[in-house]
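Below: the structure, in structure tokens.
Protein chains get the first letters and strands the later ones, always in sequence-line order, with residue 1 at the start of each.
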2 protein chains.
Amino acid sequence: MTSSAPAPEPPADDPGVESIGLDSDLGWAIRLVSGAFRRIATGSVAALPGGPRGYLVLMAVVSGPPRSQLAIAQQLALNKTVMTYLLDDLEAEGLLTRQPDPVDRRARRVLITEKGTRALDEARARLGMAEARLLGDLDPAEEQQLRQLLERVARTARLLEIDPAADCR
Amino acid sequence: MTSSAPAPEPPADDPGVESIGLDSDLGWAIRLVSGAFRRIATGSVAALPGGPRGYLVLMAVVSGPPRSQLAIAQQLALNKTVMTYLLDDLEAEGLLTRQPDPVDRRARRVLITEKGTRALDEARARLGMAEARLLGDLDPAEEQQLRQLLERVARTARLLEIDPAADCR
DNA sequence: TATTGTTATACTCTATAACTATA
DNA sequence: TATAGTTATAGAGTATAACAATA
């Protein structure tokens, strides 16, 4: 229904308003894309405890050496209290284990299990198909362009924010 | 310190994991960019009641003919109850007014005030500068590319969401 | 004294339902 | 009966603080 009335011309007696429109607003586009991706991704990883955040935790675990809960929380910019809840649920489902760190008995290393690996693989497959649907209008070169541009902006964002993990203490 | 070390290589002795990494994950990039933009935008429009959503409401009001609260809520994909709170705050600050619809006494038309126009102009200026910072690493052509790609994906997203069962399986 | 992880608590945002006044 | 708008309530999600165990 939104597409029916693009509001072609506001009266435009105000010179500053003539080019105003959410359709050309970067933040609006980001909001739409981000929201759509979030909904689609939520469906794709619904089988995982914790949903999208559970998926991020599993991804972080498999994409590096065994680390402490706090290290993973900081990598994902998640609060460490949230990490406790997420790991509780993921461990209860047998997708990962918490193993005492041999050199620091305060810390616990997070390891993925065989079942967790299978669950992550399936979630990644579903997510890949959902991404393909969302990017269906783009040809491969354009999709690659979008990924690269987003990654560069993400890097800039990381530099702009003084402490990206400020809320992970 | 986080930005200095992009985690150049995980050990990668597991063949199935070699290409796994959040750095190349589209959802992760969207999450980072979206989060950064949200934080930056929140600061830019902090002077407006309702913050980013108040900004969206004002933008919607000025970018079309006078409409009902419900019409604006649908355009912005906001809940109509949220719209009530937002308009309460925006009206209390004198940025817009609710005027009874002459042809439907149930409905109320939302109009921006002179003060609201000034506040919106200032917010747009701040937001433009914040956007420029976030996109500082991109040259003008690349920025244009990113905007166009995002808008196309946003259009696809809008089409996908017409079918609510498209999420999963 | 500082840090890892846990628990308890509070606050924000959002969604749902019920209510009114009109149509 | 259906719709525009309001109000009240409940639920996620998230942040803060206090705590125990260890460094």
In whole angstroms, how far is the P atom of C/dT12 from the CG atom of A/Asn79? 17 Å
Side-chain heavy atoms of A/Glu151 within contact of A/Gln148, under 4.5 Å: no
Please determine whether a side-chain nitrogen of the Lys or Arg among B/Glu131 and B/Arg147 lies less than 4.0 Å from a carboxylate oxygen of the Asp or Glu. yes
Protein proximity profile, nucleotides 4-11 of chain C - base contact B, sugar-phosphate-only contact S, no contact -, cut-off 4.0 Å on heavy atoms: BBBBB---
Any donor-acceptor pair under 3.5 Å linking the side chain of B/Arg133 with the backbone of A/Leu160? no
If I take atom CZ in residue A/Arg105 and atom C1' in nucleotide C/dT3, what distance separates them, rounded to the nearest angstrom? 15 Å
Spacing of A/Asp89 atom CG relative to D/dG13 atom P, expressed in whole Å: 11 Å
How long is the line joining CG of B/Asp101 and P of D/dT3, in whole Å? 17 Å
Looking at A/Asp104 and A/Arg109, is there a salt bridge between them, counting it only when a charged N and a carboxylate O are closer than 4.0 Å? no
Taking only side-chain N and O atoms of B/Arg53, does any of them lie within less than 4.0 angstrom of OP1 or OP2 on C/dT14? yes
Integer-rounded Å distance: D/dG5 P and B/Glu91 CD: 12 Å
Please determine whether a side-chain nitrogen of the Lys or Arg among A/Glu122 and A/Arg126 lies less than 4.0 Å from a carboxylate oxygen of the Asp or Glu. yes
Are B/Leu70 and B/Leu87 grouped together when hydrophobic residues (ILVMFWY) are joined by side-chain heavy atoms under 4.5 angstrom apart? no
Take atom CZ of A/Arg31 and atom C1' of C/dC13, then tell me their distance rounded to the nearest Å. 12 Å
For B/Leu78 and C/dT16, what is the distance between atoms CG and P respectively, to the nearest whole Å? 14 Å
